[in-house]
Amino acid sequence: MIAFHRFKLDNGLTVIHHQDPTTPMVAVNVLYDVGARDESEDRTGFAHLFEHLMFGGSVNIPDFDSPLQFAGGESNAFTSNDITNYYDILPVQNIETALWLESDRMLSLAFTPKSLEVQRSVVIEEFKQRYLNQPYGDVWLELRPLAYTVHPYKWATIGKTIQHIEEAQMEDVKAFFKAHYHPANAILCIAGNISQETTVELVNKWFGDIPKSLKPERMLPKEPKQEDYRELTITRAVPNNAFYYAFKMPERRSFEYYVADIISDALGREKSSRLYGRLKKDLKLVTSINAYITGSLDEGLLVIDGQLSNGVTFEQLDEALWTTLDEMNATPLSEAETAKLLIKIRTVKEFQEQGLLNRAMNLSLYELLGDANGVNEENDLYQSVTAQHIQELGKTMLRKENCSVLRVKAIQA
Amino acid sequence: MNRTAQPTVHPVQHIDFVKPHIFDVTEQVRLLWMKDVPNDTVRLDLFFDAGIIRDTQSIPAIVHSLLFSGTATQSSVEIHESIDALGGFLDTDLSFETAVVSIYCLREHLDTIALLVSNAITGLSFRDNEVEDTLRSMDHKFKENQQKVRNVAQQQFRKALFESHADYSTLAEAHDFQEANYAQMKRFFKDHYLNGLMRMTLVGNVEQDSVDALIDLFGKWAIDRVPEFAKDFSTSHEKLEFPVDSALQTAIRMGKMLFSKKHPDYIGFQVLNTILGDYFGSRLMSNIREDKGFTYGIGSAIMELHNDGYFVIVTEVGKEVTEATLAEIKLELKRLQEDLVDTDELELVKNYMLGQLLKSADGPYAMLDMYNSVDMYGLDLSFYDDAIAQIRSITPERVRELAVQYLNWEDFLIVTAG
């Protein structure tokens, strides 16, 4: 149980406070309700490029990191298709430095041309390092537009192409800040050994005078229901043939999201999972196989990926894979199998709650979903999933008409 | 309100280090136990003298991957099934000098899972089909890694840095995974696992009975020899280039042998290392990422070996700026040797390092790792008290002296791949 207390400033900033008397550190987490899904299709990669610029100096402070490091702390951030999340961890006695820095960059950025030029290059190198210069690094750049036809999940957070990043203009940067970076579009979470009174006082002091803006209304195109089996084969200079089966799955706020998560565990999380046992150990068709979910807020993906053993064809794999999925849909999971999946979830949850930053991030994310207390209800939701739920959802989800397959055929470089 | 001035900063004054309970399993093998855990989680780590250096032809890596591959009576799937049914997670890690097996679980299941793990390893039978499956997977992974410039640079760096010691410098090769050498695998397993346990660490609010049971259960594998680790490496200071035609980036790895954690300059050098490349505001990051935009990231680190240590700078940069990056690194080393570090910068690094030390001691898991990482080398918590004192008192002059002594461009081995 993570105890917390919530309040809201007049300018719309939502604040979550969680007191932990056992730690000398404090975590300051700021979640902005903006991600790659909020970009326009001809300017992708922007939310992520912007995340880099947030470290390039704010209106009153030339450099973000140095003062935080001087206070004994460190900071980082990540961008997903849904959100942009910034965090600072520092000795609790220096919390004001983090609040000073975070509030100033919420107020306004410095917008120096140098920062834009440098971060543009850094992000291009990141694009190369993570997506282009790795075997299989570009599969998500191919899989997303196959699985999504209109929803902005069809591009990756890094962007559709390097060109979009190369072309980013300062005007775009400023407009993006104005639309998405203000109190009403943010959730601040403070976790550590700090009292409620002090938290209220300090947050008001640093964030209270930031002007109010209207929370942007999100009007994303709704992905039409998939009704066709989509297949795409690409050839790449990679060592082994690889496959990616992506199934549309329910959105984050639905109960079925949790069911789908458990289905992915049953299929391919552990070495006792169905696909691992059947396709790798029994049939020796693959050298690796995994199943997982993207964790997206809108309709996301359940993905099965892996690599073929030498001499095995994509057709052989395809047949065995669908047989395993059909069996799963035909017969409910045994009590023992369901129990196994649920106790693993409980274990993971206990370990996750160990970490101060993890708690701060999860509270923020659940607040975005509607209620920070969701973090305390999550395990019960998982534990209430039954074999019947799994079979019902499996039947609608694990079907060819709901599936997009990307095959990577290996060729010599 | 003044938004231009930083709020008052209070440097870290004191850190509470907590010593774990220590049990002697044998004269050589100890168990470290951190009991004060405020929830039901438990982690047990078993450290074996089964690192990469202990055999050739990738035998340590293969045996490590096979540890849970089945016994005469249980298949690998059945073993994993039984541990999963109790919500347990297994993790394994292999480095130069050590192999680690870790169990993560809830405390009510520790006794049973420990028994399952013990039975699985004791009874390991090297089933043909499991060995073949593991070799197939390792072969594919090996080929994939050969296409990553970062991995190629890392491997070639290791080979050249440790060239004076064949056991440290021998690299995996494709044919290691083509055919199983059962006799060699079995011998290695017997010598380095069944008679190779070097230490155990436990974090969890369990009963003393459980700890006693773990000692009985795994104590049978306690090592009965004194494992030897290399020292006195010698390295040629050369530049090696490994072209990868299709690569968009070049991986750079440069470094030199340094000293072990027991060396009197260790902490001072950590301060120098932090200034140069071990935090986001470091000289290398500020220059090569934040000013030039050559890379997504660059960093430096001290890597610890049992009796020695080495220093390394790691980055991946746009192919066309490889030489420009090396020139900037050279410049940064020279600046540290010639100019005194600014007092503001040194103050910042001191505060940062103390803040990170505070974080590293936060909570039972972090604290146990921290203790273990000195106990392993025969040091104790006074290492950290001494570190705090040394970090606080180090002067710009001393930092420059250390740079002059240890950061000569001519002493570095440079490896590029891309």
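Everything numeric here is computed off the predicted structure, so don't read it as measured data. Proteins come first, then strands; the chains are lettered A, B, ... in the order of their sequence lines, and each starts at number 1.
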Worksheet item: Any side-chain heavy-atom pair from A:Phe351 and B:Tyr365 closer than 4.5 angstrom?
Response: yes

Practice prompt. Quick one: which residue pairs count as a salt bridge (Lys or Arg N to Asp or Glu O under 4.0 Å) with a foot in residues 347-364 of chain B, not counting sequence neighbours?
Written response: A:Glu74-B:Lys359

Discussion item. Under a 3.5 Å distance rule, please check whether B:Asn351 uses its side chain to pair with a backbone N or O of A:Gly72 as donor and acceptor.
Written reply: no

Worksheet, complete the sentence: Okay, B:Asn151 and chain A: the region with an atom under 4.5 Å from a heavy atom over there is neither

Worksheet item: More than 12 non-hydrogen atoms from neighbouring residues, nucleotides or ligands closer than 6.0 Å to CG on B:Asn39, yes or no?
Response: yes

Practice prompt. Rounded to the nearest 0.5 Å, what's the gap from CD on B:Gln356 to CD1 on A:Ile89? Could you check?
Written response: 8.0 Å

Worksheet, complete the sentence: Most heavy-atom pairs under 4.5 Å with chain A, out of B:Met353, B:Arg289, B:Glu78, belong to B:Arg289

Worksheet item: For B:Arg3 and A:Ile61, which heavy atoms make the closest approach, and how far apart are they?
Response: O-CG1, 3.9 Å

Worksheet item: Backbone N or O of B:Pro7 within a donor-acceptor pair of the A:Glu96 side chain at under 3.5 Å?
Response: no

Worksheet item: Do the rings of B:Tyr296 and A:His52 sit parallel, tilted or perpendicular, given the 30° and 60° boundaries?
Response: tilted

Worksheet item: Where along residues 272-280 of chain A does a heavy atom come under 4.5 Å of chain B, listed by residue number?
Response: A:Ser272, A:Gly277, A:Lys280

Worksheet, complete the sentence: When rounded to the nearest 0.5 Å, the distance separating CD of A:Gln93 from CG of B:Leu358 is 7.0 Å

Item to complete: Let me know if B:Val321 has heavy atoms under 4.5 Å from chain A in its side chain, its backbone, both or neither.
Response: neither

Discussion item. Within the 4.5 Å heavy-atom criterion, are A:Lys271 and B:Ser76 side-chain neighbours or not?
Written reply: no

Worksheet item: Who wins among A:Ala336, A:Gly137, A:Ala339, A:Pro67 for the most heavy-atom pairs under 4.5 Å with chain B?
Response: A:Pro67

Worksheet item: Given that the side chain runs from C-beta out, which part of B:Tyr104 has a heavy atom under 4.5 Å from chain A: side chain, backbone, both or neither?
Response: both

Worksheet item: Looking at CG of B:Asp40 and CD of A:Glu353, how far apart are the two atoms once the value is rounded to the nearest 0.5 Å?
Response: 11.0 Å

Worksheet, complete the sentence: Honestly, the part of A:Arg120 sitting under 4.5 Å from a heavy atom of chain B is neither

Worksheet item: Judged by modelled atom types alone, do A:Asn240 and B:Glu144 share a side-chain donor-acceptor pair under 3.5 Å?
Response: no

Item to complete: Give a yes or no answer on whether the side chain of A:Thr287 reaches the backbone of B:His140 with a donor-acceptor pair at less than 3.5 Å.
Response: no

Worksheet item: With a 4.5 angstrom heavy-atom cut-off, which part of A:Leu99 approaches chain B: side chain, backbone, both or neither?
Response: neither

Worksheet item: Under the 3.5 angstrom rule, does the side chain of A:Glu125 hit a backbone N or O of B:Gly293 as a donor-acceptor pair?
Response: no

Worksheet item: Quick check: are there more than 12 heavy atoms from other residues, nucleotides or ligands sitting under 6.0 Å from CD of B:Glu179?
Response: no

Worksheet entry | Heavy-atom pair count under 4.5 Å with chain A, highest-scoring of B:Glu345, B:Gln249, B:Gln146 | B:Gln249

Worksheet entry | Contact class of B:Glu290 relative to chain A, heavy atoms under 4.5 angstrom | both

Fill in: Segment of B:Ala366 engaging chain A (4.5 angstrom heavy-atom cut-off)
neither

Worksheet item: Salt bridge check: are B:Asp84 and A:Lys344 linked by an N-O gap of less than 4.0 Å?
Response: yes

Worksheet item: Relative to chain B, which of A:Gly56, A:Ser288, A:Ser309 shows the most heavy atom pairs under 4.5 Å?
Response: A:Ser309

Worksheet item: Does some side-chain heavy atom of A:Asn133 sit less than 4.5 Å from a side-chain heavy atom of B:Arg150?
Response: no

Item to complete: Please identify each residue that fulfils salt bridge (Lys or Arg N to Asp or Glu O under 4.0 Å) with A:Arg236, with sequence neighbours left out.
Response: A:Asp138, A:Glu142

Discussion item. Just so I know, are the side chains of B:Tyr279 and A:Asp65 near enough to count as touching, which here means a heavy-atom distance under 4.5 Å?
Written reply: no

Worksheet item: If you count heavy-atom pairs under 4.5 Å with chain B, which of A:Thr22, A:Asn310, A:Leu342 comes out on top?
Response: A:Asn310

Worksheet, complete the sentence: By salt bridge (Lys or Arg N to Asp or Glu O under 4.0 Å), A:Arg105 pairs with (sequence neighbours left out) A:Glu102

Discussion item. Given heavy-atom pairs under 4.5 angstrom as the criterion, report whether the side chain, backbone, both or neither of B:Leu86 touches chain A.
Written reply: backbone

Worksheet item: Under a 4.5 Å heavy-atom cutoff, which of B:His80, B:Gln6, B:Lys143 has the most pairs with chain A?
Response: B:Gln6

Worksheet item: Where on A:Gln119 is there a heavy atom nearer than 4.5 Å to chain B: the side chain, the backbone, both, or neither?
Response: side chain

Worksheet item: Relative to chain B, which segment of A:Gln129 carries a heavy atom at a distance below 4.5 Å: side chain, backbone, both, or neither?
Response: both

Worksheet, complete the sentence: The interface call for B:Ser75 against chain A, heavy-atom contacts under 4.5 Å, is neither

Worksheet item: About how many Å separate CZ of A:Phe127 and CG of B:Leu248, when rounded to the nearest 0.5 Å?
Response: 10.5 Å

Item to complete: Quick one: pull up CD1 in B:Ile83 and NZ in A:Lys340 and give me the separation to the nearest 0.5 Å.
Response: 12.0 Å

Worksheet item: About how many Å separate OH of A:Tyr136 and CD of B:Gln147, when rounded to the nearest 0.5 Å?
Response: 7.0 Å

Worksheet item: By a 4.5 Å heavy-atom criterion (distance strictly below it), what part of A:Ile289 contacts chain B: side chain, backbone, both, or neither?
Response: neither

Item to complete: Select, from A:Val59, A:Leu68, A:Thr97, the one with the greatest count of heavy-atom pairs under 4.5 Å involving chain B.
Response: A:Thr97

Worksheet item: Can you say whether B:Val317 sits under 4.5 Å from chain A via the side chain, the backbone, both, or neither, judging by heavy atoms?
Response: backbone

Response to the item:
Residues B:Gly87 and A:Ile343: closest non-hydrogen pair is N-CG2, 3.5 Å

Worksheet item: What part of B:Val149 is in contact with chain A, defined as an atom under 4.5 angstrom from a non-hydrogen atom: side chain, backbone, both or neither?
Response: side chain

Fill in: Side chain, backbone, both or neither of A:Glu350 within contact of chain B (heavy atoms, under 4.5 Å)
both

Discussion item. How about NZ on A:Lys128, more than 12 heavy atoms from neighbouring residues, nucleotides or ligands closer than 6.0 Å, or not?
Written reply: yes

Worksheet item: So what's closer than 4.5 Å to chain A heavy atoms on B:Leu354: side chain, backbone, both or neither?
Response: neither

Response to the item:
Note: vs chain B, highest number of non-hydrogen pairs under 4.5 angstrom among A:Gly355, A:Ser115, A:Gly73 is A:Gly73

Worksheet item: Using a cut-off of under 4.5 Å for heavy-atom pairs, which of B:Asp16, B:Asn129, B:Asp291 has the most such pairs with chain A?
Response: B:Asp291

Discussion item. So, applying salt bridge (Lys or Arg N to Asp or Glu O under 4.0 Å) with A:Lys281, which one of B:Glu132, B:Glu130, B:Glu81 is it?
Written reply: B:Glu130

Worksheet item: side-chain contact (heavy atoms from CB on, under 4.5 Å) between B:Phe280 and A:Asn76: does it pass, once the steps are laid out?
Response: CA-CA 9 Å; B:Phe280 197 86; A:Asn76 212 333; over 6 Å; no

